[in-house]
Amino acid sequence: TSDLQVTNILALGGINYYCNTLPATAEYAYRNSTDTLVYLPGTRIEVENIKSKFPSTTTLLTGCDATKESLLKILNQQTFSAVHISTHGVVYNKSEIKDAEYLYLKSGNAAFIALSNVDQGYLSAYEITNHHLENVNLVYLSACSSGIGPNMAGNGLFSIGDSFYAAGAKNVLYTLWDIPDDFATKYADMFYGELQAGQTILKAFEKSQKYFSAKYPPAFWAAFRLIE
């Protein structure tokens with residue numbers, strides 16, 4: 001899959017997690033989970049930057065439109081070569097899950113991502129594996145710890161990133177720990193700039209890693225991983 005490129009893109013970002021209230025915004029936010037999901041301003045910039053690079057082939061879901069229902073419906077009805085999701089990543093240990101939550105998460109799957117109207121439920125790794133994404137060349141999960149998940153018997157750690165790969169996506173770019181909102185935006189802008197220039201997915205990732213490794217400590221850029 002090293003020669004794969006990106007043409008049409010579905011990008012989610014600038015998500016309002018509580019659509020019946022004004023979004024709370026943190027001045028310096030991480031894309032991880034807290035009791036209250038703060039609005040991440042960098043995610044809106046991130047997807048708009050993608051749209052500016054691929055204006056005629058990028059579909060945006062932002063604000064209150066970026067719901068789990070909308071995402072799954074579009075994935076079922078349309079084909080995209082890339083799916084980019086900028087949001088909060090959420091990983092629970094089983095000891096942290098209450099009984100009702102455990103049942104909702106389908107047999108203890110405790111890795112998921114937050115989309116709009118979170119009171120209607122997060123998007124879990126289990127739900128993703130029920131979809132067919134064989135035509136997707138890249139899933140880019142611009143969220144904290146999207147490559148980390150609970151230890152599943154017989155499978156080891158099973159993350160949100162792993163679930164997209166299991167559903168058929170040919171490449172998945174995810175993170176192994178918490179990343180600052182502003183850095184995640186810079187990284188995505190560099191990566192998609194390389195894709196715009198005609199680089200393959202693998203080469204765009206390699207060039208992004210090389211660029212940021214020369215300017216930032218590993219705590220920033222080394223969180224990103226590409227599985228293919």
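For the pair Thr67 (side chain) and Ser116 (backbone), a donor-acceptor distance under 3.5 Å is absent. With hydrogens and angles ignored, the 3.5 Å screen pairs no side-chain donor or acceptor of Thr43 with any backbone N or O of Thr87. A distance-only check finds no donor-acceptor pair linking the side chain of Lys170 to the backbone of Leu138 [under 3.5 Å]. Here the side chain of Lys51 pairs a donor or acceptor atom with the backbone of Thr58 at under 3.5 angstrom. Of the possible donor and acceptor atoms, none in the side chain of Asp189 sits under 3.5 Å from a partner among the backbone N and O of Thr185. A donor-acceptor distance shorter than 3.5 angstrom exists from the side chain of Tyr165 to the backbone of Glu228, with no hydrogens or angles considered. With Ser208 contributing its side chain and Ala204 its backbone, the two residues share a donor-acceptor pair below 3.5 Å. Looking at His88, its side chain does come within 3.5 Å of a backbone N or O of Val38 through a donor-acceptor pair. Of the possible polar contacts, none joining the Trp177 side chain to the Ala222 backbone as a donor-acceptor pair under 3.5 Å is found. Without hydrogens or angle criteria, Thr59 side chain to Leu10 main chain gives no donor-acceptor distance under 3.5 Å.
Of all non-hydrogen atoms in Gly161 and Ile227, the two that sit nearest each other are O-CD1, 4.4 Å. Closest heavy-atom contact between Ile128 and Ser163: CD1-OG, 3.4 Å. Taking all atoms of both residues into account, the shortest heavy-atom contact from Ser142 to His84 is CB-NE2, 3.9 Å. Ile15 approaches Ser86 most closely through the heavy-atom pair CD1-O, 3.8 Å. Trp221 and Gln209 get closest at one heavy-atom pair: O-OE1, 3.2 Å. Nearest heavy-atom pair, Cys19 versus Asn16, reported as atom, atom and distance to 0.1 Å: SG-O, 3.5 Å.
A salt bridge links Glu48 and Arg44; the closest N-O separation between the charged side-chain nitrogens and carboxylate oxygens is under 4.0 Å.
The line from CG of Leu71 to CG of Asn76 is 9.5 Å long, rounded to the nearest 0.5 Å. Here NZ of Lys53 is found 12.0 Å from CZ of Phe191. Values are rounded to the nearest 0.5 Å. The CG atom of Asn49 sits 10.5 Å away from atom CD of Gln196, with the distance rounded to the nearest 0.5 Å. Note that CG of Asp65 and CG of Asn117 are 10.0 Å apart. Values are rounded to the nearest 0.5 Å. Leu75 CG to His132 NE2: the interatomic distance, rounded to the nearest 0.5 Å, is 12.5 Å. Taking CG from Asn8 and CG from Asn137, the interatomic distance works out to 9.0 Å, rounded to the nearest 0.5 Å.
Under the 4.5 Å side-chain contact rule for hydrophobic residues, Leu133 and Leu115 share a cluster. If you chain together hydrophobic residues whose side chains sit under 4.5 Å apart, Leu61 and Ile45 never meet in one group. With hydrophobic clusters built from ILVMFWY side chains whose heavy atoms lie under 4.5 angstrom apart, Val136 does not share a cluster with Leu60. Leu12 is not connected to Val47 by any chain of hydrophobic side-chain contacts under 4.5 Å among Ile, Leu, Val, Met, Phe, Trp and Tyr, and they are in different clusters. A single hydrophobic cluster is seen to contain both Ile179 and Phe205, as judged by linkage of ILVMFWY side chains at heavy-atom distances under 4.5 Å, directly or through other members.
Annotation: Phe54, atom CZ; neighbour count of heavy atoms from other residues, nucleotides and ligands within 6.0 Å is above 12.
Classified by interplanar angle (parallel below 30°, tilted 30° to 60°, perpendicular above 60°), the ring pair Phe224/Phe183 is tilted.
At a threshold of 4.5 Å between non-hydrogen side-chain atoms, the residues Leu72 and Leu123 count as touching.
Residues Thr7 and Ser81 have side chains that bring a donor and an acceptor to within less than 3.5 angstrom of each other.
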| task | Please test Leu40 against Tyr17 for side-chain contact (heavy atoms from CB on, under 4.5 Å), starting from the C-alpha separation and ending with a verdict. | result | CA-CA 10 Å; Leu40 297 167; Tyr17 302 102; 4.0 Å; yes

| request: Would you sort out whether Tyr140 and Tyr187 count as a side-chain contact (heavy atoms from CB on, under 4.5 Å), showing the intermediate values? | output: CA-CA 11 Å; Tyr140 188 134; Tyr187 193 98; 3.2 Å; yes

